[in-house]
Amino acid sequence: MTKFKYEDWLMQFINDDWYIQINTSENNIIFDEVVQLHEKWLGSLNYHNFIKENQEAIAIDNLPGFLENEEICKTNEYIKSFISGVFHLRIDGLYNIVSDYVNAFNEIDENSFNAVDESGIDVAINKAFLELTEKYYEELITMVRNTEVPDEFKYCWRDLVELVKRFSKYESREDKLDVAYQLLDYLTSTIDGFDDLSIDLTDEMIESSNAFIALLIKYEIIFDRLILLKEHIEYKFVETKGLPENFYRMNIIDRYKEIEAFKIMNEED
């Protein structure tokens with residue numbers, strides 16, 4: 001298998017993600033689980049096979065229902081189970097994104113002859129990003145279409161269809177680069193909106209609704225990690241080459257700041 005051109009930056013991205021998972025207070029309730037899985041990563045360091053090698057430890061079919069009785073949601077058992085499920089989705093998303101990105105990049109890079117864009121940045125960085133953006137949003141649309149949800153949730157599907165119709169008209173590079181960001185915004189705002197949802201559903205409807213919400217959470221994580229990975233590699237490329245900073249967007253800066261904040265807190269302890 002062809003080695004990734006920016007392997008060191010990629011490994012930094014993965015290890016930074018683990019650093020955040022270990023230090024975020026949200027994961028305190030599952031700290032031992034996070035540490036044990038991190039140790040498995042340190043014993044492997046093979047991002048292509050990590051999910052396959054640890055399928056049982058990273059099972060993602062245990063995300064409890066988002067729509068549950070309020071009293072159930074307050075229990076430690078529910079909270080721990082939900083946070084664990086989201087953590088598994090994050091790790092699964094991280095390694096699948098990394099592996100897919102490396103494969104897409106290497107295939108593009110093989111025929112790009114080290115070409116750079118108008119800003120002097122390796123063209124394969126954004127081309128791989130655009131290729132995976134399309135791959136993931138087509139997956140999302142197909143899965144949403146095949147997931148039965150109550151009428152109260154149909155607006156989510158309609159909003160997604162409208163977004164996709166808009167995407168099909170995009171021609172400029174800037175517009176196409178914006179697709180993943182728009183999808184992430186859509187997913188985040190839609191999921192946040194469920195917190196204030198007050199509807200009366202049957203048990204069967206609740207089950208299908210929860211499956212739908214879990215699907216949206218999964219792809220929110222996927223697009224978030226895809227954006228951050230692309231921006232991280234792009235940022236490191238510009239920094240290393242001493243190029244003028246002409247980034248499309250820089251969500252990754254907030255991630256760098258979060259890591260620095262954790263480091264300062266750990267030094268104080």
Side-chain angles (χ1 to χ4, degrees), residues 10-68 72-101 136 139-140 143 183-184 187-192 194-195 207 209-229 232 251-252 254-263 265-266:
L10 184 77
M11 294 300 284
Q12 180 192 345
F13 180 81
I14 296 172
N15 291 324
D16 281 351
D17 205 286
W18 276 109
Y19 187 77
I20 291 171
Q21 295 302 322
I22 290 169
N23 284 278
T24 186
S25 59
E26 180 185 89
N27 285 340
N28 284 348
I29 196 170
I30 58 165
F31 185 76
D32 289 344
E33 179 184 349
V34 175
V35 170
Q36 287 168 15
L37 196 55
H38 180 232
E39 287 174 353
K40 288 180 181 292
W41 162 241
L42 295 178
S44 167
L45 298 180
N46 185 330
Y47 48 78
H48 284 298
N49 296 329
F50 185 68
I51 298 297
K52 189 185 299 182
E53 292 171 352
N54 297 278
Q55 283 183 337
E56 187 174 341
I58 314 176
I60 57 172
D61 58 353
N62 61 343
L63 185 67
F66 196 91
L67 302 176
E68 290 288 358
I72 294 176
C73 291
K74 291 178 180 177
T75 64
N76 283 340
E77 182 182 2
Y78 173 88
I79 294 170
K80 184 175 182 178
S81 182
F82 189 85
I83 290 175
S84 175
V86 172
F87 167 65
H88 290 170
L89 284 174
R90 285 173 177 158
I91 297 304
D92 185 77
L94 170 67
Y95 284 99
N96 280 310
I97 288 292
V98 165
S99 183
D100 285 352
Y101 189 88
Y136 295 138
E139 283 180 5
L140 172 62
M143 295 183 78
L183 281 166
L184 179 60
L187 291 165
T188 301
S189 61
T190 300
I191 293 165
D192 288 346
F194 295 143
D195 285 333
E207 185 176 347
S209 299
N210 283 330
F212 175 68
I213 295 170
L215 177 65
L216 297 187
I217 292 173
K218 173 183 176 179
Y219 277 88
E220 179 193 28
I221 290 168
I222 284 174
F223 282 106
D224 177 67
R225 291 303 186 273
L226 175 62
I227 288 168
L228 290 174
L229 175 58
H232 172 69
N251 295 18
I252 194 68
D254 289 336
R255 178 179 163 109
Y256 294 154
K257 289 178 180 177
E258 183 179 17
I259 292 167
E260 284 305 310
F262 282 136
K263 288 180 179 178
M265 287 169 55
N266 289 332

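Bear in mind the structure is a predicted one, so any value in this text is a computation, not a measurement.
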*With a 4.5 Å heavy-atom cut-off, do Y19 and N266 have their side chains touching?*
yes
*Between CG of N210 and CG of L215, what distance do you get to the nearest 0.5 Å?*
12.5 Å
_Less than 4.5 Å apart, side chain to side chain, heavy atoms only: is that true for L10 and L229?_
yes
*asked:* Could you report the tightest heavy-atom contact between L216 and T190, atom names first, then the distance?
replied: CD1-CG2, 3.9 Å
*Gap separating the CG atom of N49 from the OG atom of S99, nearest 0.5 angstrom*: 8.0 Å
*Interatomic spacing from CD1 in I83 to OH in Y78 - rounded to 0.5 Å*: 10.0 Å
*Any chance CG of N76 has more than 12 other-residue heavy atoms, nucleotides or ligands included, within less than 6.0 Å?*
no
*Residues in side-chain hydrogen bond (donor to acceptor under 3.5 Å, both in side chains) with T75, at least two apart?*
none
*Mind checking side-chain hydrogen bond (donor to acceptor under 3.5 Å, both in side chains) for N15 and listing every partner two or more places apart, or none if nothing turns up?*
W41
*asked:* Between K257 and E260 (salt bridge meaning N to carboxylate O under 4.0 Å), is one present in this structure?
replied: no
*Would you check if L187 and L140 make a side-chain contact, meaning some heavy-atom pair closer than 4.5 Å?*
yes
*Taking all heavy atoms of I217 and all of F82, pick out the closest pair and write down the distance.*
CD1-CZ, 4.3 Å
*What closest approach, in Å, do L89 and I221 show between heavy atoms, and which atom pair accounts for it?*
CB-CD1, 3.7 Å
*Please round to the nearest 0.5 Å and tell me the distance separating atom CG of L226 and atom CG of L184.*
10.0 Å
*Results of side chain to side chain contact (heavy atoms under 4.5 Å, CB included) for I20 - residues two or more places apart only*: R255, E258, I259, F262
_CG-CZ distance between L94 and F13, expressed to the nearest 0.5 angstrom_ = 6.0 Å
*Applying side chain to side chain contact (heavy atoms under 4.5 Å, CB included), name anything that partners D100, two or more places apart in sequence or on another chain.*
L132, K135, Y136
*Who passes side chain to side chain contact (heavy atoms under 4.5 Å, CB included) against N54, sequence neighbours left out?*
K40, F50, A57, I58
*Mind listing the closest non-hydrogen atom pair of I22 and H38 along with its distance?*
CD1-ND1, 3.4 Å
*Under 3.5 Å: donor-acceptor pair, side chain of N96, backbone of D92*: yes
*Does the side chain of D17 reach to within under 4.5 Å of the side chain of R225, using non-hydrogen atoms?*
yes
*What distance do I30 atom CD1 and Q21 atom CD have between them, rounded to the nearest 0.5 Å?*
8.0 Å
*Can you pull the salt bridge (Lys or Arg N to Asp or Glu O under 4.0 Å) pairs that have at least one residue in residues 25-35, sequence neighbours excluded?*
E26-R90
*asked:* I'd like to know whether L42 forms a side-chain contact (heavy atoms from CB on, under 4.5 Å) with W18, so could you lay out the CA-CA distance, the side-chain angles of the two residues, the decisive distance to 0.1 Å, and finally the verdict.
replied: CA-CA 10 Å; L42 295 178; W18 276 109; over 6 Å; no
